[in-house]
Structure formats: C-alpha cells, structure tokens
Enquirer: 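Sharing a structure, written as structure tokens. Questions coming.
Predicted, not measured: the structure shown is a model, and the values here were computed from it. Basis for what follows: all heavy atoms, side chains included, without hydrogens, waters or symmetry-related copies.
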Amino acid sequence: MIVSETAEKIKKMEIRGAGRIARAAAEALRDHAGTLKSPSYAAFRQEMETAAATLVATRPTAVSLPNAVHIVMAGLDGTTDTEEARAAVIGRADQFVRSSQQAVERIAGFGASHIRDGDVILTHCNSEVALGCIIEAHRSGKEIEVFATEVRPRNQGHITIRTLNDAGIKTSFIVDSAVRSFINDVDLVIVGADAVTVNGAVVNKIGTSQVAHTAAEARVNVLVAAETYKFAPRTVIGELIQIEERPGNEVLPDDIARSLPHVTVRNPAFDVTPAEFIDLIITEQGAIPPQMAYIIIREYLGWDIAEFR
Ligand code: RI2
C-alpha cells in the first residue's frame with residue numbers, strides 16, 4: 001500500500017490498534033523504499049523521511065507507531081549507498097513485522113498462564129494482545145468468561161465480542177458505565193496499551209483508567225498486555241505522551257452539535273492509568289511490575305539517550 005493511503009487509513013481508524021498501525025507503517029515504508037527511483041542517496045533519504053513523518057503524524061498517542069518507524073528508518077544509517085539503504089529498510093520492516101507477530105504470540109502464552117480455570121475476565125476496547133491472552137487461556141482448556149465493554153464512541157467493543165464469540169468464549173457485553181456494577185463478578189482485568197511511560201503509567205483507550213480504578217477498589221488485579229515497542233523511550237527524558245483528541249462528531253452528530261451553541265464536545269481517545277493501578281505488564285520478554293518499565297526501555301528497546309538530542 002502506498003504511504004498516503006496507509007496514513008489515511010490509520011487516521012480514519014480503518015487500520016487501528018497500536019500493534020496493527022505499527023506493522024502497517026513498517027509495511028508502508030518497506031513498499032515505499034521498494035518503489036522509489038531517487039537519483040541519489042540523499043534524495044532517497046529525504047523521500048523516506050517525508051514518508052516517515054507523514055505516517056508518524058497520523059495518530060499521536062500510540063508510541064508503537066514512531067517506534068516502528070524509528071526501527072525501520074535506522075536502515076538508512078551507516079551507508080550512503082541507495083541500494084544498501086533500500087535493502088536495509090526493507091529487511092528491517094520485514095523483521096519488525098515478524099517480531100511483532102511473534103511478540104503477540106509470546107504474550108498470549110505468558111498472559112494465559114495468569115488466567116486461572118474458572119476466571120471471569122473483563123477487557124476494555126479491542127486489543128489484539130489482550131485478546132490473545134484470553135483466547136490462549138480458552139484454547140488451553142480453561143473455563144473462562146469475559147465481560148467486554150462497548151467502548152464509546154468508536155465501539156471497538158463490537159470487534160472484541162465478535163472475536164470472542166468466534167472463539168466460542170462466553171461473553172457479557174456491557175456499556176462502559178456498567179463496569180462498576182459488574183466488577184465484583186470479575187476476577188481479572190486484562191487490557192492492552194498504546195503507550196507505556198518510564199514510570200510505568202499505561203496510556204490506553206479512554207475509560208481504561210476508570211476501569212483500573214474500579215478494579216483497584218474491588219481488589220481485582222489488572223494486567224496490561226503490551227509488546228516492548230509500546231514503551232515510550234522519550235519519556236525517559238521527560239517527554240509526555242500526547243493524548244489524541246478526536247473530532248467531536250464521533251460523539252455527537254454535527255447537526256445536533258450545531259443546535260447547541262453553548263456545548264463543546266470533548267473526545268479524548270486515550271487516558272493515563274498510573275502504575276499504582278496496574279499489577280503486571282506482560283511483554284514478550286516476560287511479565288514485569290509497571291515500575292520496571294525503565295528496564296524495558298533501556299535493555300530491550302535499546303534506545304540510546306544520545307538519540308534524543
Ligand atoms: P493492540 C487501541 O487504540 C486500543 O486503545 C487498544 O487497547 C490499543 O490500541 C492496543 O491495541 P485504537 O486504535 O495493539 O482503537 O493490543 O484507538 O491491538
């Protein structure tokens with residue numbers, strides 16, 4: 001797919017989910033590198049950088065996106081030969097996509113081992129990795145049930161219940177505001193992440209922090225399933241994660257909004273759950289307490305602080 005097409009699909013959320021947008025961006029860069037007929041290395045690099053910037057600008061919160069782009073674009077370094085750079089970019093993109101898929105599978109295995117026979121699990125939004133854990137637990141023969149939220153305003157819960165239904169998992173579908181009413185029936189909360197900061201805070205779909213707060217009050221454990229490329233290296237130097245605010249008409253139709261001149265619709269797509277409300281973050285490198293996020297950024301993501309300057 002060409003870069004502008006992928007960027008448009010990510011923006012419109014036709015491609016969505018932090019892992020999927022990261023893989024789509026890597027693939028778009030790979031295809032772009034494959035087709036460019038740049039007259040020089042400098043021109044090739046310039047065109048790749050423009051494409052990378054277009055992709056990164058689509059959605060500001062999911063760190064998986066700039067991380068994937070960063071990993072792929074590093075193929076441009078260490079050479080001034082266009083063909084070498086092209087091959088490196090293509091190789092890195094393919095490698096990223098492969099390792100991302102492997103990470104999802106590994107997390108499913110680790111996550112499933114935290115789910116006990118008979119558990120009732122609550123999940124919010126539609127996370128490929130969180131669902132992977134749930135489906136793997138079911139596949140391994142554990143009798144489980146799931147509560148899935150609706151996820152206003154984009155209704156990602158509809159995708160979640162279809163996936164759970166197709167897997168044959170008994171599921172209750174609830175509106176977002178019903179979480180507290182049902183939390184005492186729940187043994188475990190499992191959600192995904194769009195970003196994990198150095199202090200172990202998890203940025204995920206709006207409503208996640210309410211779910212986690214409710215779970216903490218009810219003494220229900222909260223697990224976050226997140227590949228290491230969802231950890232945010234720049235938070236090490238104090239950068240904050242930007243919370244995407246999407247158009248108001250996702251929440252209220254334009255004609256109604258126009259008839260209410262004193263009303264402004266606010267539509268943040270994500271919120272921040274502090275580390276204290278999270279019991280474990282399950283990565284492909286193993287399950288860690290959120291307070292160990294720094295280790296993941298330094299040891300596994302392997303970003304050098306010098307790169308931020
Ligand atoms: P996976 C999604 O964002 C949700 O917040 C979900 O929890 C998170 O990405 C991670 O998704 P959106 O694209 O990578 O629906 O686990 O706004 O699939």
Side-chain angles (χ1 to χ4, degrees), residues 16-23 25-26 56 59-71 96 99-100 102-104 106-108 110-111 114 123-133 156 188-213 215-216 221-244 268-305 307-308:
R16 55 146 298 281
R20 287 192 177 91
I21 64 179
R23 290 197 290 274
V56 168
R59 295 198 73 192
T61 302
V63 164
S64 51
L65 177 59
N67 279 356
V69 167
H70 180 90
I71 289 165
F96 175 79
S99 63
S100 163
Q102 283 163 0
V104 173
R106 272 172 73 90
I107 292 171
F110 295 152
H114 288 273
T123 191
H124 181 60
C125 201
N126 178 258
S127 158
E128 181 186 28
V129 252
L131 282 177
C133 300
Q156 286 95 327
L188 188 64
V189 170
I190 307 183
V191 292
D194 290 82
V196 181
T197 70
V198 68
N199 61 355
V202 168
V203 183
N204 193 48
K205 183 54 56 197
I206 191 78
T208 303
S209 67
Q210 274 179 196
V211 170
H213 199 277
N221 282 348
V222 175
L223 303 190
V224 173
E227 306 89 311
T228 52
Y229 56 80
K230 290 178 183 162
F231 286 63
R234 300 189 73 93
T235 58
V236 172
I237 55 161
E239 248 182 43
L240 298 175
I241 303 286
Q242 189 189 332
I243 301 293
E244 175 185 9
F270 302 99
D271 64 19
V272 181
T273 302
E276 63 192 281
F277 294 118
I278 298 157
D279 294 280
L280 277 180
I281 302 177
I282 304 173
T283 79
E284 72 277 17
Q285 301 295 342
I288 58 155
Q291 291 76 9
M292 271 177 64
Y294 178 72
I295 308 286
I296 294 289
I297 293 171
R298 287 308 299 267
E299 301 296 319
Y300 294 107
L301 218 47
W303 280 35
D304 194 327
I305 294 292
E307 291 182 55
F308 304 131

Enquirer: Under a 3.5 Å distance rule, please check whether Thr283 uses its side chain to pair with a backbone N or O of Gly286 as donor and acceptor.
Expert: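 Indeed, once roles are kept as given, a pair shorter than 3.5 Å links the two residues.
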Enquirer: For residues Ala195 and Val63, report the shortest heavy-atom separation together with the two atoms involved.
Expert: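 In terms of heavy atoms, the two residues are closest at CB-CG2, 3.6 Å.
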Enquirer: So, for Asp271 and Gly207, which heavy atoms are closest and what is the spacing to 0.1 Å?
Expert: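 Where Asp271 meets Gly207 most closely, the heavy atoms are OD2-N, 2.9 Å.
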Enquirer: Against Tyr229, only a single residue in Ser99, Ser64, Ser100 fulfils side-chain hydrogen bond (donor to acceptor under 3.5 Å, both in side chains); can you say which?
Expert: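 Among the candidates, only Ser100 passes.
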Enquirer: Working note: Asn126 + Leu131, criterion side-chain contact (heavy atoms from CB on, under 4.5 Å); need CA distance, chi angles, decisive distance, verdict.
Expert: CA-CA 8 Å; Asn126 178 258; Leu131 282 177; 3.5 Å; yes
Enquirer: Any non-hydrogen side-chain atom of Ile241 less than 4.5 Å from a side-chain atom of Val272?
Expert: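 Of all side-chain heavy-atom pairs linking Val272 with Ile241, none is under 4.5 Å.
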Enquirer: Between Gln285 and Thr228, what is the shortest heavy-atom contact and its length?
Expert: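 Where Gln285 meets Thr228 most closely, the heavy atoms are CG-CG2, 3.9 Å.
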Enquirer: Are the side chains of Val203 and Ile243 in contact, using a 4.5 Å heavy-atom criterion?
Expert: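 The answer is yes; the side chains approach within 4.5 Å.
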Enquirer: Applying side-chain contact (heavy atoms from CB on, under 4.5 Å) to Arg298 and Val198, what does each step give before you reach the verdict?
Expert: CA-CA 10 Å; Arg298 287 308 299 267; Val198 68; over 6 Å; no
Enquirer: Drop me the distance from Ile282's CD1 to His114's NE2, to the nearest 0.5 angstrom.
Expert: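 One finds 4.5 Å between CD1 of Ile282 and NE2 of His114.
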Enquirer: Quick one about Asp194 and Thr61 (side-chain donor to acceptor, distance below 3.5 Å, no hydrogens or angles considered), yes or no?
Expert: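 No, because no side-chain N or O of Thr61 sits under 3.5 Å from a partner of the opposite role on Asp194.
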Enquirer: To the nearest 0.5 Å, what is the distance between CD1 (Ile288) and OH (Tyr294)?
Expert: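 Here the interatomic distance stands at 13.5 Å.
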Enquirer: Less than 4.0 angstrom from a charged side-chain N to a carboxylate O is my criterion; do Arg16 and Glu128 meet it?
Expert: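 Result for this pair is no, no salt bridge flagged.
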Enquirer: Are the charged groups of Arg106 and Glu284 less than 4.0 angstrom apart, N to O?
Expert: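 No salt bridge links Arg106 with Glu284.
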Enquirer: NZ/Lys230 to OG1/Thr197 distance, rounded to the nearest 0.5 angstrom?
Expert: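 Rounded to the nearest 0.5 Å, the NZ-OG1 separation comes to 15.0 Å.
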Enquirer: For Ala62 versus Pro66, what's the shortest heavy-atom pair and its separation?
Expert: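 Result for this residue pair: O-CD, 3.3 Å.
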Enquirer: If you measure from CG on Asn221 to CD1 on Ile278, what distance do you get to the nearest 0.5 Å?
Expert: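 So the gap between those two atoms works out to 12.0 Å.
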Enquirer: Any side-chain heavy atom of Ile107 sitting closer than 4.5 Å to one from Cys133?
Expert: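 Ile107 vs Cys133: side chains touch.
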Enquirer: Begin from the C-alpha positions of Phe96 and Ile71 and carry the test side-chain contact (heavy atoms from CB on, under 4.5 Å) through to its verdict.
Expert: CA-CA 8 Å; Phe96 175 79; Ile71 289 165; 4.0 Å; yes
Enquirer: Using 0.5 Å steps for rounding, measure from the CD atom of Gln210 to the NE2 atom of His213.
Expert: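 Result: 10.0 Å between the selected atoms.
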Enquirer: Between Arg59 and Phe270, does the side-chain contact (heavy atoms from CB on, under 4.5 Å) criterion hold? Intermediate values first, please.
Expert: CA-CA 11 Å; Arg59 295 198 73 192; Phe270 302 99; 3.5 Å; yes
Enquirer: Ignoring hydrogens, what is the shortest heavy-atom contact between Ala212 and Val222? Give both atom names and the distance.
Expert: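 The pair with the smallest heavy-atom distance is CA-CG2, 4.2 Å.
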Enquirer: Once rounded to the nearest 0.5 Å, what's the spacing between atom CZ of Phe231 and atom CD1 of Ile281?
Expert: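 Going from CZ on Phe231 over to CD1 on Ile281, the span is 4.5 Å.
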Enquirer: Do Val224 and Asn204 come within less than 4.5 Å of each other through their side chains, counting heavy atoms only?
Expert: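 The answer is no, as the side chains (C-beta and beyond) never meet within the 4.5 Å cut-off.
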Enquirer: Where is the tightest heavy-atom contact between Asp279 and Pro290, given as atom of each residue plus distance?
Expert: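 Residues Asp279 and Pro290, closest heavy atoms: O-CD, 3.7 Å.
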